[in-house]
Asker: 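This is the structure I have questions about; it appears just below.
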Amino acid sequence: MFALIDGNNFYASCERIFQPELRGRPLVVLSNNDGCAIARSEEAKALGITMGHPIHKVEPRVRRQLAIRSANFGLYGDISSRIGAILRQAVPRVEVYSIDESFLDLAGIAQRKALATELHERVQRWTGIPNCVGIAPTKTLAKLANHVAKDAARKPGSYPADLARVCDLAELSPRQLDAVLRATEVGDVWGIGRRWAARLQSRGIATAADLRDAPSEDLLSEFGVVMARTQRELQGHSCLELAEVEPDRKQILVSRSFGEWIGDPQQMSEALATFAMRATEKLRAQGLTAGVVGIFAETDPFRLGMPQHNPSRTAQLTSATSDSRLVLGAVRRLGTSLMRAGYRYKKAGVFLADLARPDQLQDDLFAPARAGNDVLMETLDAINRRFGRNVAGLGASGWQRSACWHSRQESLSGRFTTRMADLPRARC
DNA sequence: TCTGGGGTCCTAGGACCC
DNA sequence: TCTGGGGTCCTAGGACCC
């Protein structure tokens with residue numbers, strides 16, 4: 001038996017913890033570079049702000065009513081880890097699935113609804129994050145149950161009241177479960193995206209119940225094993241296990257849109273160097289090495305009148321490494337002649353691939369399996385952990401705060417829980 | 001003026017191996 | 001006249017997730 005606990009409007013709710021003036025107001029959190037809405041409070045949803053909506057396309061009349069914040073992932077990540085700690089304290093097996101969702105294994109727990117209700121309240125009380133819990137025999141159904149719990153809480157009357165906030169599908173009679181699945185659009189099922197939803201609908205499969213009851217062989221042959229598995233999960237046969245241990249990353253990507261277009265190779269070089277530094281930091285935090293380094297740049301796809309150019313370069317390293325200096329060297333070599341004269345670029349990124357644990361690397365006849373200075377890198381990371389990110393870096397990277405290619409973040413809130421200077425003050 | 005930033009898995013087809 | 005059967009690896013593209 002699985003439970004899925006999920007923070008409501010997570011980023012918006014995080015912003016409200018330490019900024020009570022945002023409570024009850026239509027609030028929107030923007031993506032990096034202050035581009036699109038990536039979280040909305042209920043009040044903002046009611047104003048018609050949709051997920052991913054470019055904020056500059058919102059009517060000025062509506063926009064004036066909105067409270068806006070730039071994404072503050074440091075804050076959200078910290079709140080998320082606190083919720084993870086609360087959950088792990090209460091149940092033995094937890095899978096942190098994303099920044100705002102965790103699956104719990106409730107197998108063998110007798111009073112599971114009571115436990116789920118207690119956790120629901122505890123997370124709200126201890127972190128300030130409103131949340132919902134869905135319980136069911138499979139992960140896909142637990143996701144669906146979570147959806148029901150949210151809808152039932154948001155629109156009283158749409159579902160029986162005892163499904164609001166904490167919804168246990170396993171408690172329902174077959175007829176009640178059927179009614180829930182018939183009320184769920186097929187596109188709202190976990191694993192069914194926009195494309196598949198359209199293709200399913202054109203075959204007359206419009207609801208979760210339709211998908212559950214569709215002929216399995218047809219689904220398998222027309223959509224493949226992923227769809228077949230989703231159907232099995234809807235039927236109550238668990239195919240997806242709890243993944244307590246996070247598998248190693250296969251790729252690490254650091255990319256950003258720039259606040260301004262960049263035409264100057266020097267600035268591009270600084271931006272790429274900064275992304276390379278961040279990527280190798282992530283690499284070391286995971287305890288991995290990289291065998292392949294890549295870079296890319298993109299012009300502004302929304303400026304159709306401007307000449308477009310989306311170059312990319314990849315290099316295989318002779319020895320795998322997690323040393324920022326070696327990765328940076330590769331990025332600099334790749335970066336020369338990346339840009340075309342006269343073009344202006346809006347976005348760039350660095351990626352690392354062929355990731356491996358150092359002890360899994362194989363020596364090559366002509367080169368050591370691994371290169372770099374671990375002690376130096378550990379020292380660098382330790383300094384930055386202690387004194388703040390980018391306190392120490394390599395001279396070649398443009399890690400100064402003022403660089404013109406930085407993302408726009410005009411409405412950034414404080415790092416209330418991760419930075420001493422930003423600690424909220426209580427007055428009496 | 002302004003349009004995010006990460007990831008994963010599956011499949012089909014081609015090249016190649018014995 | 002006749003032309004196997006079984007694999008692996010890689011890549012590109014398409015789908016999905018938050």
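Both backbone and side-chain heavy atoms feed into the values below; hydrogens, waters and symmetry mates do not. Below, read A as the first sequence line, B as the second, and so on, with proteins coming before strands; counting in each chain starts at 1.
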Asker: Could you tell me how far C:dC18 sits from B:dT3 if I compare only their P atoms? Round to whole Å.
Answerer: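 Approximately 25 Å lies between the P atom of B:dT3 and that of C:dC18.
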Asker: Any base atoms under 4.0 Å from A:Ile252, or only sugar-phosphate, or nothing? Heavy atoms, all strands.
Answerer: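 Touches sugar-phosphate only.
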Asker: Taking the six-membered ring of A:Phe258 (Phe, Tyr or Trp), confirm whether the NZ or CZ of A:Lys347 is under 6.0 Å from its centre and within 45° of its axis.
Answerer: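 No - A:Lys347 does not lie over the ring of A:Phe258 by the 6.0 Å and 45° rule.
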Asker: Between B:dG7, B:dG4, C:dA15, which nucleotide has the shortest distance from any of its atoms to the side chain of A:Trp196?
Answerer: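 Ranking B:dG7, B:dG4, C:dA15 by closest atom to the A:Trp196 side chain puts C:dA15 first.
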Asker: Go nucleotide by nucleotide along DNA chain B from the 5' end; which of A:Leu253 and A:Ile38 gets its closest nucleotide reached first?
Answerer: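 The residue closer to the strand's 5' end, by nearest nucleotide, is A:Ile38.
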Asker: Looking at A:Ser98, does any N or O in its side chain come under 4.0 Å of the phosphate oxygens OP1/OP2 on C:dC17?
Answerer: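 Checking C:dC17 against A:Ser98, no side-chain N or O comes under 4.0 Å of OP1 or OP2.
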Asker: How many whole angstroms separate atom CD of A:Gln251 from atom P of B:dG7?
Answerer: 6 Å
Asker: Looking at the side chain of A:Lys282, which of B:dC10, B:dG6, B:dT3 is the nearest nucleotide?
Answerer: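 Closest nucleotide to the A:Lys282 side chain: B:dG6.
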Asker: So, OP1 or OP2 of B:dT3: does either fall under 4.0 Å of a side-chain N or O from A:Lys346?
Answerer: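 Yes.
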Asker: May I have the distance from A:Arg195 (atom CZ) to B:dC10 (atom P), rounded to whole angstrom?
Answerer: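 Going from CZ in A:Arg195 over to P in B:dC10 covers 20 Å.
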Asker: Could you give the CD-to-C1' distance, from A:Gln286 to B:dG7, as a whole number of Å?
Answerer: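 Rounding to the nearest Å, CD of A:Gln286 and C1' of B:dG7 are 12 Å apart.
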Asker: Would you mind reading off the distance between A:Phe223 atom CZ and B:dT11 atom P, rounded to a whole angstrom?
Answerer: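 Roughly 14 Å, once rounded to whole Å.
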Asker: Looking at A:Ser255, does any N or O in its side chain come under 4.0 Å of the phosphate oxygens OP1/OP2 on B:dG6?
Answerer: yes
Asker: Taking atom P of B:dT3 as reference, at what distance in whole Å does atom NZ of A:Lys57 sit?
Answerer: 11 Å
Asker: Considering only B:dG7, C:dC18, B:dG4, which nucleotide approaches the side chain of A:Tyr97 most closely?
Answerer: C:dC18
Asker: Before you tell me yes or no, could you show the steps for A:Trp190 and A:Tyr97 under ring pair (Phe, Tyr, Trp, His ring centres under 6.0 Å), namely the whole-Å CA-CA distance, both residues' side-chain angles and the distance that decides it to 0.1 Å?
Answerer: CA-CA 13 Å; A:Trp190 188 39; A:Tyr97 174 68; 5.5 Å; yes
Asker: Reckon A:Ile55 touches a base, only the sugar-phosphate, or nothing at all at heavy-atom distances under 4.0 Å?
Answerer: nothing
Asker: The side chain of A:Cys36 is closest to which nucleotide in this list: B:dT8, C:dC17, B:dT3?
Answerer: B:dT3
Asker: Enumerate the side-chain hydrogen bond (donor to acceptor under 3.5 Å, both in side chains) contacts for residues 281-292 of chain A, please, sequence neighbours excluded, ordered by first and then second residue.
Answerer: A:Arg278-A:Glu281, A:Arg284-A:Ser324, A:Arg284-A:Asp381
Asker: Would you mind reading off the distance between A:Met51 atom CE and B:dT3 atom P, rounded to a whole angstrom?
Answerer: 18 Å
Asker: Taking only side-chain nitrogens and oxygens of A:Arg256, does any of them come within less than 4.0 Å of OP1 or OP2 of B:dG6?
Answerer: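 For B:dG6, OP1/OP2 do have a side-chain N/O of A:Arg256 under 4.0 Å.
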Asker: Between A:Val254 and A:Pro54, who's closer to the 5' end of DNA chain B by nearest nucleotide?
Answerer: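 Of the two residues, A:Pro54 wins.
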Asker: Whole angstrom is fine here: how far is it from CZ in A:Phe258 over to P in B:dG4?
Answerer: 13 Å
Asker: If B:dC18 has a Watson-Crick or G-U wobble mate with both distances under 3.5 Å, name it; if not, just say none.
Answerer: C:dG5
Asker: Fit a plane to each ring of A:Phe18 and A:Phe416, take the angle between them on a 0 to 90° scale, and name the class: parallel (under 30°), tilted (30 to 60°) or perpendicular (over 60°).
Answerer: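 Tilted, since the angle between the ring planes falls between 30° and 60°.
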Asker: Whole Å only: how far is the CG atom of A:Leu4 from the P atom of C:dC18?
Answerer: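 Checked: the CG to P distance equals 9 Å.
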Asker: Base, sugar-phosphate or nothing for A:Asp34? Non-hydrogen atoms, less than 4.0 Å.
Answerer: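 No contact.
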Asker: Is any side-chain N or O of A:Lys143 closer than 4.0 Å to OP1 or OP2 of C:dC18?
Answerer: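 Affirmative; the distance criterion is met.
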Asker: Can you tell which of B:dG7, B:dC9, C:dC18 lies closest to the side chain of A:Lys250?
Answerer: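 Closest of the options to the side chain of A:Lys250: B:dC9.
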Asker: Between A:Glu101 and A:Lys143, does any side-chain N to carboxylate O distance fall below 4.0 Å?
Answerer: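 Counted as a salt bridge, because a side-chain N and a carboxylate O are separated by less than 4.0 Å.
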Asker: From C-beta outward on A:Trp190, which listed nucleotide comes closest to its side chain: C:dC17, B:dC10, B:dG4?
Answerer: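 Side chain of A:Trp190 sits closest to C:dC17.
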Asker: Is it the case that A:Arg313 places NZ or CZ above or below the six-membered ring of A:Phe296, under 6.0 angstrom from the centre and within 45 degrees of the axis?
Answerer: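 The answer is no; the distance or angle limit is not met.
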